[in-house]
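Per chain, numbering begins at 1; letters A, B, ... match sequence-line order. Only this structure's heavy atoms are used, side chains among them; waters, hydrogens and symmetry mates stay out. Note that the coordinates shown come from a computational prediction; the quantities given were computed from them, not determined experimentally.
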Amino acid sequence: MKIEQYTPAEERLFYILLAFGGLVSVIGLGAAYYMEHFGHVVSGMTNQVFWGLPHVFGIFLIVAASGVLNVASIGSVFGKKVYKPRAPLSGLLAIIMLAAGLFIIMLDLGRADRVLIAATHVNLTSVFGWNMIFYPVFFGVVGLYLWTLMDRRMHGYSKAVGVSAFIWRLAMTTGTGSIFGFVVARQAYQSAILAPMFIIMSFAWGLAVFLLVQRSMYAWNNMELHPSVRQRLKNLLAIFIAAVFYFVVVYHLTNIYYAKETAFEHFILVSGGIFPVLFWGGYIVLGTLLPLFLLYHPAIWPKSGSVCAASILTIIGGFCLLYVFIIGGQAFPLDMFPGMEVSSTFFDGVVGTYTPSLPEILLSLGGLGVGFTLTVVGVRVLHFLPQDDLAKLQDAGHAFD
Amino acid sequence: MTERNQTEKNSDKSTAARRNFIGAVAAAGGLAAIAPGIHLVQVSQANTPPRPAGEAASKAVRWGMLIDTTKCSSGCNDCVTACATENGINETVKDARQGSQWIRKIDIKEVKTGRSHSLPMMCQHCANPPCVDVCPTGASMKRADGIVLVDRHICIGCRYCMMACPYKARSFVHQPLTDQNPEVPRGQGCVESCTFCVHRIDKGQQPACVETCTKAGHNAMLFGDLNDPNSEIARRVAQVTTTQVRADLKLDLGVRYQGI
Ligand code: SF4
Ligand code: SF4
């Protein structure tokens, strides 16, 4: 492994970034403690919308964690040379993002102090229960995978371990999608399409995060990505964005035509206030059409910054989509008495409202802070900059396969 | 482990035999009393023998409730008040949406005909409870006698059960609590729902809401053992048309409604 020499300016920047990330994480911890101490009264959550902003952030990170490993999988499982030098960074980000996502979800529990109970009392009929097994094993398998990549003596095992990690993360994302898919009670969920939809979303969001991190690392080292590699990666991102779009369309169409959830769909897509705005403006325009335009327009995509902008937009679109899915799905009232108007003191039949409070926002950002800090440290200590040996690739004749 | 946490699957045979015997005696009493009709409440009470301390809940019993919506009036809130008093739900919340409601009154109106009803809604004590299926820790559990409970010493407050319950029957405790009924443990950060007043049933009493509704003369709520063919509730369920809310989900509910 090459030992990197840092200039004093780089040293300083490293510590500034570290301090920034650490501060955001500590503020997040403080916010969680505050919520734990005073109870969720200090949050915007209610008995109708009880999964709030922390779930949106936490689930985004957990889903993207699985997807970010895709880059490594394409390299080692499918043997594509361009992706191989990117495998260590991809593995590292996968572990970090899962940790950051769990940080948020766990600290948002009503009794975060009982998290050990969650780990020791596992109910196997519960999808949440499965996840208690998926997550630790994911850490283990990806950790092992990183080891096989970094340690020459272990190289021989990297393919086998890579394949296991690949299978495991597909199962894990299926589990995340199924958290919602098995909820028969609610119009928004209870759909078999959610599991594959979450897998595709993980591909798009994970790759977008990967491209951003890679870009920052290259900028830090005054390097430019080779145009052919860049083109390959941006095409892949575009395909994933389009695939997510396809699944979102199918999801809504099946809801309308097969499940006959027209009232719910009308709410989410037309009349539901913030939700249609986030869906059309945030997910469709900003998160889908605009990045596809940036990635495919012949005059734009070769320009520096276009892939980076498309990645940021993809991530913003992902957050909007999840917000609509998670919060909107709860805000729409349960239909207990079809064909009847209902009213009660418990807001039956009433659309739930939700405004995230400051502690929730800080906890959510704290999770991002944890991820950021770990990435800064990991990248520096472990030297994960993807290095393309293009001459070698071309000699071998599969630079572009 | 708390006593409430006992969900022993194989109930003791001698216990079952004793219960059958008690059931038979009660049935005999019921037959004698059925003509005047006036003793019906006593019959159903005779069918709810106390559960001795240390003895597991019996699988032979399935506690259930029948609500006659024709006798329940829109303005009446007696069951809700009784529940709050019994279970110590006395906290004041700034935002009503964050307060616990174990039982609530729902007014429903048929859109087409304009016909309206009023009914109490609470945990339906599903035989196939989605809340129990999804609970990651096993804090949500179904007792052998069909009562669905949350063990508040194990609940981590993940709120997944609230996502899964089709009846909005569960509440999350959003704030610290004081002045609790020692028989009804509740706690900040945990999820809770109607227990059918399990602490009263185990003493051979009726749930507080049912007792109050009956005492006030409304007689809209009936509680008893659905498995005992001689119980008042089982007979009524066999005779009149009753409804399970969202029967399409096939959860086999312990609470049945009449008149909707
Ligand atoms: S009504 Fe809701 S809380 Fe009660 S048993 Fe059924 S799913 Fe669980
Ligand atoms: S909130 Fe408590 S009872 Fe409900 S699913 Fe989570 S651990 Fe189980």
For A/R111 against B/Q188, the heavy-atom pair lying closest together: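 It is CD-O, 3.5 Å.
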
If you count heavy-atom pairs within less than 4.5 Å of chain B, which of A/L109, A/V122, A/T120 leads?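 Heavy-atom pair counts peak at A/L109.
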
Pick whichever of A/D113, A/V42, A/T353 has the most heavy-atom pairs under 4.5 Å with chain B.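 Of A/D113, A/V42, A/T353, A/T353 has the most heavy-atom pairs under 4.5 Å with chain B.
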
Is it the case that more than 12 heavy atoms not belonging to B/K109 sit under 6.0 Å from its NZ atom?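 Counting other residues, nucleotides and ligands, NZ of B/K109 stays at 12 neighbours or fewer.
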
Just by distance, do the side chain of B/K112 and the backbone of A/G339 share a donor-acceptor pair under 3.5 Å?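 It does not hold such a pair.
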
Taking B/C158's backbone N and O only, do any of them form a donor-acceptor pair with A/W51's side chain (distance below 3.5 Å, no angle check)?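 Between the backbone of B/C158 and the side chain of A/W51 there is a qualifying donor-acceptor contact (under 3.5 Å).
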
Could you tell me whether A/F50 and B/F172 have their ring centroids closer than 6.0 angstrom?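 No, they do not, as the ring centres are separated by 6.0 Å or more.
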
Are the side chains of [X] and [Y] in touch, meaning some heavy atoms are under 4.5 Å apart?
X	Y	answer
B/P136	A/S126	yes
B/I154	A/H121	yes
B/M121	A/F337	yes

Is B/T113 in contact with chain A via its backbone, its side chain, both, or neither, using a 4.5 Å heavy-atom distance?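 Looking at B/T113, nothing touches chain A.
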
Less than 4.5 Å to any heavy atom of chain A: does that hold for the side chain of B/V132, its backbone, both, or neither?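 Contact with chain A involves the backbone of B/V132 alone.
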
Show me the pairs that pass salt bridge (charged side-chain N to carboxylate O under 4.0 Å, His left out) and involve residues 346-366 of chain A, at least two apart or across chains.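 Sorted pair list: A/D348-B/R104.
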
The test is side chain to side chain donor-acceptor pair (under 3.5 Å); show your working for A/R114 and B/T137 and say whether it passes. CA-CA 10 Å; A/R114 290 186 180 163; B/T137 61; over 6 Å; no

Roughly how far, to the nearest 0.5 Å, is CE of A/M340 from CD of B/E110?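 Taking CD in B/E110 and CE in A/M340, the distance rounds to 4.5 Å.
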
